[in-house]
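Here the structure comes first, spelled out in structure tokens, and everything after it is commentary.
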Amino acid sequence: MTTDRAELTKTHAWKNLESHAQKARGLSIRKLFSDDSSRGARMAIEADGIYFDYSKHLVTDETVRLLLQLAEESALRDRIEAMFRGDKINLTEKRAVLHVALRAPKGQSILVDGKDVVPEVHAVLDKMAGFAERVRSGAWKGHTGKRIRSVINIGIGGSDLGPVMAYEALRHYSARDMNFRFVSNVDGTDFAEATHDLSPEETLFIISSKTFTTLETMTNAHTAREWALKGLKDESAVAKHFVAVSTNETEVGKFGIDTANMFGFWDWVGGRYSMDSAIGLSTMIAIGPDNFRSMLNGFHRMDEHFRRAPFDRNLPVIMGLLGIWYNNFFGAQTAAVLPYEQYLKRFPAYLQQLTMESNGKHVTREGQAVNYQTGPIYWGEPGTNGQHSFYQLIHQGTKLIPCDFIGFMEPLNPLGRHHDLLIANVFAQSEALAFGKTVEEVKAEGTPDWLVPHRTFEGNRPSTTILMEKLTPETLGTLVALYEHSVFTQGAIWDIDSFDQWGVELGKALAVRIIPELENKAAGPMKHDSSTNTLIARYVNSKK
Ligand code: G6Q
């Protein structure tokens, strides 16, 4: 059933959820568990190598039923099909949204404007693989005949966060005789620190930019060129030390990179969904083509699950709906992502872009102002580090913060008791959040009366526990796709365009007006507000 999309809050499901939420606010996780001894095992889904325990949430079977009804009334199934079919579901940019095609196996067919894109995807993957092998083996030589030891990806936003997250996550599988670095910030420190101990003779730059016009990336790319040529002293060296990943062949050529050394992708790949495209070239060089393909395979498994599993057993759907429950019916402003895996240290940063750039929207796809909350703020840090900093607020503060705990059964670096201690902490934290510590329990420990309120934990704080066997290229792919599709689920229900980013586009334009004023090249007097004018004048004076 399709609803009038501007009227989300008037749907039956939404109204039912609102009245159900009145009662649900009185739920006690403790009681839910004591009333149903099977809850822990029952409210868990196992699929594609993920064990997803959502029993420690403020939900009953009725809540889940109503949330699923919301998914149905929001025509989520149609929306999913529209994406996989290659419809132009990114309405404001009139583009298809087909990151799922980047991991479609050979032989599958996905049409964009009547053309099957899967063969092109595999042609680029093969070209990347050939290049990655040559760099890894040393067959690709630098200008002076030395092999490449350091690869620097220059890109920002979607052209940086995926590659850096994937490299850090899969560092265990990477070529240890090479360095991989990532330069994104226009702050010169980023470039300076990334290159200070490197030799241009042994360094390869990958300039990753979909548009090849992004200020930060192009500034860093030009600086890289100067840095390389200062050492190599020959323009023709660019061909051996620079490759490009872009959709903009003209600009790549203008920069001086041989377009034979360009790896392309397509306008139907959004920046924050591009780590599986040629934007992942640094990842492929680091972990090798076979591992890269197995990462794609992991993504594809989750794509298939999302497309085909019934909603009540569908991991991204359930995950997305639980997020909606707290965001829209409990007033939760944020959600924490807490990986208990050191290699996932950049995963929260990656997810911040994926979730907030996608679902930080204030109008529906048709342009009507929403009268409900959209995407929450995502944040997090790896455990156990976070436990010694911000967990205090999650446990005993006044805010409701649903948490995702992520853990792996098998460690990549088994060292004494470390892994048992790590995993004990995952389980202990979610247990403490859910069940807290009552006044009676605190008193029974002999706590003096005046200290009892301080040591009491209300509990009743919801979390999901996501367990996987081992962090591998394949499981990383599955995990990332789980979040991608959960973001899709939420965006579909909120009826927003999860695939544009007009806020980012504004940021790209804003500084352009001020740059000439800082460099004393502005045509006329400054016409900003009095604060901005004063700040600019102060900076310009300090340069003198
Ligand atoms: C991602 C955004 C944004 C983008 C960067 C870099 O979805 O569009 O983060 O990836 O602004 O853009 P370029 O790849 O064009 O340099």
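Counting convention: from 1, in listed order, for ligands and their atoms alike. Every heavy atom of this structure was used, including side-chain atoms; hydrogens, water molecules and symmetry mates were not.
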Q.
Closer than 4.0 angstrom, basic N to acidic O: yes or no for Glu474 and Arg301?
A. yes
Q. In terms of the angle between their ring planes, are Phe255 and Phe242 parallel, tilted or perpendicular, with boundaries placed at 30° and 60°?
A. tilted
(Q) Can you tell whether the side chains of Asp126 and Arg293 come within less than 4.0 Å, N to carboxylate O? (A) yes
Q. At under 4.0 Å between heavy atoms, which part of Gln501 makes contact with ligand 1: side chain, backbone, both or neither?
A. side chain
**Q.** Geometric cation-pi criterion Lys361 and Trp494, 6.0 Å radius, 45° cone
**A.** no
**Q.** ligand 1 contact by Gln353, heavy-atom criterion under 4.0 angstrom
**A.** yes
**Q.** Those atoms of ligand 1 less than 4.0 Å from some heavy atom in Ser159
**A.** 10 (O), 13 (P), 14 (O)
Q) Does any N or O atom in Glu505 lie less than 3.5 angstrom from one in ligand 1, N or O only? A) no
Q) Closest non-hydrogen protein atom to atom 15 (O) of ligand 1, residue and atom name please, with distance? A) Thr211 OG1, 2.6 Å
Q. Got a sec: does the CZ of Arg346 have more than 12 other heavy atoms crowding it under 6.0 Å?
A. no
Q. Going by the atom numbers of ligand 1, which of them fall below 4.0 Å from some non-hydrogen atom of Thr214?
A. 12 (O), 13 (P), 15 (O), 16 (O)
Q) In ligand 1, which numbered atoms sit nearer than 4.0 Å to a non-hydrogen atom of Arg272? A) 1 (C), 7 (O)
Q) In the protein, what heavy atom is nearest to atom 4 (C) of ligand 1, and what distance, to one decimal place, separates them? A) Gly158 N, 3.8 Å
Q: Just need the protein heavy atom nearest to atom 6 (C) of ligand 1, so name the residue and atom and give the distance.
A: Ile156 O, 3.2 Å
Q. Can you tell me if CD on Glu249 sees more than 12 non-hydrogen neighbours from other groups inside 6.0 Å?
A. no
**Q.** Pairing of Asp87 and Arg79 as salt bridge, 4.0 angstrom limit
**A.** no
Q: Give yes if a backbone or side-chain nitrogen or oxygen of Glu357 is under 3.5 Å from a nitrogen or oxygen of ligand 1, and no if not.
A: yes
